Protein chains: 2
Amino acid sequence: MERKAAAPARKTAKKSAAKKPRAPKSKDVSTEERIKEAARKLFTQKGFAATRTRDIAEEAGINLALLNYYFRNKEKLFEIIMWENIQLFIGVIMQNLEGKDMSLEQMLEYVASAYIDMLLKNPDLPFFVLSNLQSGAALDTAKSGVFLERIDNLRHTFFNRFAEEIRKGHVPDIHPLHFLANFMGMIIFPFVASRLLMNRFDLSQQEFKKLMEERKELIPGWMIRIMGAQ
Amino acid sequence: MERKAAAPARKTAKKSAAKKPRAPKSKDVSTEERIKEAARKLFTQKGFAATRTRDIAEEAGINLALLNYYFRNKEKLFEIIMWENIQLFIGVIMQNLEGKDMSLEQMLEYVASAYIDMLLKNPDLPFFVLSNLQSGAALDTAKSGVFLERIDNLRHTFFNRFAEEIRKGHVPDIHPLHFLANFMGMIIFPFVASRLLMNRFDLSQQEFKKLMEERKELIPGWMIRIMGAQ
DNA sequence: GTCTATAGCACGATAGAC
DNA sequence: GTCTATCGTGCTATAGAC
């Protein structure tokens, strides 16, 4: 009857997993950390549903059972990774700005530069974070809400100073959201659309990276122009 | 032994599915179209892996087996939705621009306005499209490549005229990618981060929508400023 | 074309030896 | 702490009646 493959939906994932000589990780990293590292990589790249615990175990070079020994289950592990990623993602924005007494332009330069550096190291991060904060993502919608609250409880130094700055001098009639969206969009969007852009302009990874480096200096200038009195 | 629930990972999805009186869709819509509509909704919201064929069937008000009757399997159905979404997503950019002889500013206005209208109607679209074009997404990486090629085969009227315009007059030393990334980022990013922004600024859906409407007129102005000679 | 029933497998989680 | 072996179930896909 030629049945053979009733549920072949997984052929994709299995293929690349074939053998792999169990990554020669140094033993000085604890097993728990190895699992988290593997989970971070896979969850961040493929999302919750598309990642299988078996893959995490293999990537970490340990047995599947250990995953449930250290972290209770897949979901718990995901939430840990999720929260760490969120902190990384928005942490950049609010580190050490309080009390630094910078000008607006200096702030923009500082944040843009730090953010782009971080994104060059973690290109998949914005997608992961944003996607899991939007509704209807991997987790229960209620869960996203919890994270959003937790985010809000961290004081947004940059957001606040940014909004304040706008209210003070620049552009009276325009909602601060506009400028924040522009700023973050200019920084983050190219990473979210990197494949599309690299394809469009026929760029190598190196060339793309170089352009992103350029943006560290360009973006603050653009922002100043945009925020000038209308 | 208290086993009972060996794989409780699904509690989330099952809950909301409880009964639902089989949506009173009008009969003049073909079954095939109903399935596609349901699939578009769910795939776009939750992605490939997190969407179950059972949910699609229920959402469409038909039996599961019909899904495989019309479309061969889950993956085939996904590819159809994927491609239609891509066309919607980048189609806006290149409709009727050829031979219209607009100024740069007019082009920016036209595209920004059309794009934002489309995004207001399909807020989940950018996430879906971008996420599935980046590597390591729902589908095999090779698949993304196919789509990228297909995209490139559609002539990018706007991209071309945009890049050309930049080369002609404005800003000689800056790579066109920068401006395209800025433009698309300003348009698309707020939708990708809508939850975060609405939460941050304490906005209702209505208020958010209104701000997006504002951006139709603001973005072209900002772009002109940015692209002015440095 | 549309349904019910079910095959068959892959997954997450656990038991239990060491 | 770490492993192997296995359970129970959710899933996709199909067979087959109507």
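On a predicted model such as this, the values are computed, not experimentally measured, just so you know. Throughout, a chain's letter reflects where its sequence line sits, starting with A, and its residues are numbered from 1.
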Taking atom [atom2] of [N] as reference, at what distance in whole Å does atom [atom1] of [X] sit?
{"X": "B:Tyr70", "N": "D:dA13", "atom1": "OH", "atom2": "P", "value": "18 Å"}
{"X": "B:Ile35", "N": "C:dC3", "atom1": "CD1", "atom2": "P", "value": "9 Å"}
{"X": "A:Leu42", "N": "C:dG12", "atom1": "CG", "atom2": "P", "value": "12 Å"}
{"X": "B:Glu33", "N": "C:dG1", "atom1": "CD", "atom2": "P", "value": "14 Å"}
{"X": "A:Phe48", "N": "C:dG12", "atom1": "CZ", "atom2": "P", "value": "8 Å"}
{"X": "B:Asp55", "N": "D:dC11", "atom1": "CG", "atom2": "C1'", "value": "11 Å"}
{"X": "B:Ile56", "N": "D:dC11", "atom1": "CD1", "atom2": "C1'", "value": "13 Å"}
{"X": "A:Leu67", "N": "C:dA13", "atom1": "CG", "atom2": "P", "value": "8 Å"}

Any donor-acceptor pair under 3.5 Å linking the side-chain atoms of B:Ser204 with those of B:Glu207?
yes

Considering only side-chain heavy atoms of [X], which listed nucleotide, [options], is closest?
{"X": "A:Ala65", "options": "C:dG1, C:dT14, C:dA13", "value": "C:dT14"}
{"X": "A:Ile62", "options": "D:dC3, C:dT2, C:dC3", "value": "D:dC3"}
{"X": "A:Thr31", "options": "C:dG12, C:dA13, D:dT2", "value": "D:dT2"}
{"X": "B:Leu66", "options": "C:dA13, C:dG1, D:dT14", "value": "C:dG1"}
{"X": "A:Asn73", "options": "D:dT2, C:dA13, D:dG10", "value": "C:dA13"}
{"X": "B:Leu64", "options": "C:dG12, D:dG1, D:dA13", "value": "D:dA13"}

If the condition is side chain to side chain donor-acceptor pair (under 3.5 Å), which residues does A:Asn85 pass it with, not counting sequence neighbours?
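Result, side chain to side chain donor-acceptor pair (under 3.5 Å) vs A:Asn85: A:Thr44.
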
When only distance counts, do a donor and an acceptor, one from the side chain of A:Arg54 and one from the base of C:dG12, lie under 3.5 Å apart?
yes

Phosphate OP1/OP2 of C:dT14: any A:Asn68 side-chain N/O under 4.0 Å
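False: A:Asn68 side-chain N/O out of range (4.0 Å or more) of C:dT14 OP1/OP2.
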
Check the phosphate of D:dA13 against B:Tyr69, side-chain N and O only, distance under 4.0 Å to OP1 or OP2. Yes or no?
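B:Tyr69 to D:dA13 OP1/OP2: no side-chain N or O under 4.0 Å.
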
Only pairs under 3.5 Å count here: list side-chain donor-acceptor contacts from residues 176-188 of chain B, not counting sequence neighbours, and write none if there are none.
residue	atom	partner	partner atom	Å
B:His178	ND1	A:Arg215	NH1	3.1
B:His178	NE2	A:Glu214	OE1	2.9
B:Asn182	OD1	A:Arg215	NH1	3.4
B:Asn182	OD1	A:Arg215	NH2	2.5
B:Asn182	ND2	B:His178	O	3.3

Test log, rule ring-ring contact (aromatic ring centres under 6.0 Å, His included), inputs B:Phe128 and B:Phe78:
CA-CA 12 Å; B:Phe128 176 86; B:Phe78 181 78; 5.7 Å; yes

N-O pairing of A:Lys210 and A:Glu213 below 4.0 Å
no

